[in-house]
S.K.: 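Below you'll find the structure I mean.
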Amino acid sequence: MKNNLSNIKKAKIILDKHDCIAIPTETVYGLAANAYSNNAVKKIFKLKKRPKHNPLIVHYSNLGDLKKDCHINDNFLKIFKKFSPGPITYILNLKKNSKISKLVTNKKKTLAVRFPKHTLTKKLLNLLNYPLAAPSANISSRVSCVCSKDVKNEFGNKIKFVLDGGRSLIGLESTIISLTGKPKILRLGGLEPSKINKLLKKNLKLKLIASKNFFPGQMKLHYSPGIPLRLNVSKPKNNEAYLLLKKKGKYNKNFYYLSNKGNLKEVAKNLYYTLRKIKKLKFKSIAVEKIKNQGIGKTINDRLLRASKYHG
Ligand code: AMP
Ligand code: MG
């Protein structure tokens, strides 16, 4: 506990100097910097090698702070009360007098905002007098990191500090919902759209943004472990790493189980962690067993499909 407090203070000192750090969240680790500072935000884009036209998600600890930067509405309040803090990102209209750096939004008039649930990150946000721009802590187009060790491996000594908050509990990115007009889901994620539908009494569609707008969360190739990945495989090749939903059959050293009994939440939590582990073990390719397209399984399949577009 004492250690956590001194780490949070260390994180604040670095952030106050307009530098980047990595923060733990319940979805995946984030690469965070002061969202009001052009200099700080520039460093995120550089470290991640992220195209400048791909806007960042900004993290807040409370509604009062959000209202300084964004216009809110009834749909937002309903979802916020039920599901934030948690794995849901809202697209809202920016206020004219908002202090958010223009680099965060690539001069767009909308902002992606989230309220993370992880205790350490909530405490950190409470100490700061600015929100944190924080996309996932990985080089663009690669798999997100779900533990501090993976973040350190990804960025080496280019990252000044990683606030270690253990393994991310959800293990997949947030669901993104646009609330600037008729509500639309823009990216599947940790919160199932059916739960939002129930709350809003609607049947929200997944709306992929037109390609001219270029949003990598929706690019065909994304979330890639950097080696070929095959889907719906029932017979893996001899030298392939094989990802299975649950423990079964004879032990084979190339088999990786994503859960004990096929629980999809466990599968989600273990997916990116296992993909990075397999890559480190120098396997040349990955085969994945068929995963039920239900509940969080839809998000898992969305990520796996994009990862499968890698062909070297
Ligand atoms: P990540 O890099 O995982 O944090 O992903 C952030 C996602 O949010 C990216 O796919 C962005 O394109 C998307 N995003 C950020 N800001 C906006 C916005 N104003 N409108 C639509 N999507 C956004
Ligand atoms: Mg990302």
Side-chain angles (χ1 to χ4, degrees), residues 20 22-33 35 41 44-60 66 69-71 76 87-95 98 100-116 118 121 131-146 150-151 154-155 168 170-191 206-226 268 271-272 275-276 299 302-303 306-307:
C20 279
I23 54 168
T25 90
E26 75 280 18
T27 57
V28 299
Y29 272 67
L31 187 62
V41 171
I44 296 181
F45 281 95
K46 192 166 170 217
L47 258 176
K48 259 188 84 84
K49 302 188 183 140
R50 182 167 173 120
K52 291 197 175 53
H53 45 277
N54 186 19
L56 308 177
I57 298 179
V58 175
H59 294 64
Y60 291 86
L66 171 80
D69 295 320
C70 291
H71 294 286
F76 166 78
I88 172 91
T89 294
Y90 311 93
I91 309 293
L92 296 172
N93 284 316
L94 263 173
K95 284 192 170 166
S98 146
I100 294 290
S101 158
K102 298 272 181 291
L103 303 177
V104 165
T105 56
N106 187 33
K107 298 187 193 134
K108 281 164 87 65
K109 295 197 169 73
T110 58
L111 183 68
V113 303
R114 189 166 95 80
F115 299 82
H118 196 290
T121 290
L132 288 175
S136 52
N138 54 275
I139 311 275
S140 256
S141 92
R142 292 199 195 156
V143 177
S144 303
C145 295
V146 293
D150 283 349
V151 179
E154 185 82 342
F155 295 106
S168 295
I170 294 176
L172 295 172
E173 298 79 0
S174 58
T175 300
I176 302 183
I177 185 165
S178 169
L179 295 174
T180 55
K182 210 169 140 199
K184 289 185 239 39
I185 302 286
L186 303 185
R187 173 176 80 182
L188 292 175
L191 179 68
L206 177 67
K207 166 114 178 35
L208 296 184
I209 301 171
S211 58
K212 67 178 167 54
N213 285 319
F214 186 85
F215 291 106
Q218 301 178 346
M219 269 162 57
K220 276 195 182 145
L221 167 68
H222 200 70
Y223 312 108
S224 165
L271 181 67
Y272 290 165
L275 287 176
R276 281 187 172 265
T299 306
D302 171 78
R303 304 303 193 260
R306 290 169 211 273

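Numbering of ligands and ligand atoms starts at 1, following listing order.
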S.K.: From the options Arg50, Glu154, Lys48, select the one residue that forms a side chain to side chain contact (heavy atoms under 4.5 Å, CB included) with Ile139.
M.R.: Glu154
S.K.: Could you check whether Thr27 and Arg114, counting side-chain N and O atoms only, form a donor-acceptor pair closer than 3.5 Å?
M.R.: yes
S.K.: Which protein N, O or S atoms lie under 2.8 Å from the Mg ion (ligand 2)?
M.R.: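 Less than 2.8 Å away from the Mg ion (ligand 2) sit Ser136 OG.
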S.K.: Could you tell me, atom by atom, which parts of ligand 1 come under 4.0 Å of a heavy atom of Ala112?
M.R.: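 Numbered from 1, ligand 1 contributes 15 (C), 16 (N), 17 (C).
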S.K.: Tell me which one of Ile57, Asn54, Leu92 gets a heavy atom nearest to atom 6 (C) of ligand 1.
M.R.: Ile57
S.K.: For ligand 1, find out whether one of its N or O atoms is nearer than 3.5 Å to an N or O atom of Arg50.
M.R.: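 It does: an N or O of Arg50 is found under 3.5 Å from an N or O of ligand 1.
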S.K.: Side chains of Asp69 and Tyr60: donor-acceptor distance under 3.5 Å anywhere?
M.R.: yes
S.K.: Check whether any N or O atom of Arg187, backbone or side chain, sits under 3.5 Å from an N or O atom of ligand 1, and answer yes or no.
M.R.: yes
S.K.: Which one of Val113, Thr180, Leu111 satisfies the side chain to side chain contact (heavy atoms under 4.5 Å, CB included) criterion with Leu94?
M.R.: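 Result for side chain to side chain contact (heavy atoms under 4.5 Å, CB included) with Leu94: Leu111.
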S.K.: Please confirm whether the backbone N or O of Pro24 pairs with a side-chain atom of Thr121, one donor and one acceptor, at under 3.5 Å?
M.R.: yes
S.K.: Quick one: which ligand 1 atoms are inside 4.0 Å of a heavy atom on Lys108?
M.R.: 18 (C), 19 (N), 20 (N)
S.K.: Which of the atoms of ligand 1 are close to Ile176, meaning less than 4.0 Å from one of its heavy atoms?
M.R.: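 Ligand 1 atoms under the 4.0 Å threshold to Ile176: 7 (C), 8 (O), 13 (C).
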S.K.: With a 4.5 Å limit on heavy-atom distance, are the side chains of Ser174 and Arg187 in contact?
M.R.: yes
S.K.: Go through Asp150 and Tyr29 one step at a time and tell me if the side chain to side chain contact (heavy atoms under 4.5 Å, CB included) criterion holds.
M.R.: CA-CA 9 Å; Asp150 283 349; Tyr29 272 67; over 6 Å; no
S.K.: Start with the C-alpha gap between Leu179 and Leu92, add the side-chain angles, then the distance that decides, and say whether side chain to side chain contact (heavy atoms under 4.5 Å, CB included) holds.
M.R.: CA-CA 6 Å; Leu179 295 174; Leu92 296 172; 4.2 Å; yes
S.K.: Give the atom numbers and elements of ligand 1 that come within less than 4.0 Å of a heavy atom of Pro135.
M.R.: 2 (O), 4 (O)
S.K.: Regarding atom 14 (N) of ligand 1: of the candidates Ala133, Ser178, Ser140, Pro55, which has the closest heavy atom?
M.R.: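 Looking at heavy atoms only, Pro55 sits closest to atom 14 (N) of ligand 1.
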S.K.: Quick one: are Val143 and Arg276 in side-chain contact, heavy atoms under 4.5 Å?
M.R.: yes
S.K.: Holding to salt bridge (charged side-chain N to carboxylate O under 4.0 Å, His left out), I want the full list of residues that pass it with Glu173, two or more places apart in sequence or in another chain.
M.R.: Arg303
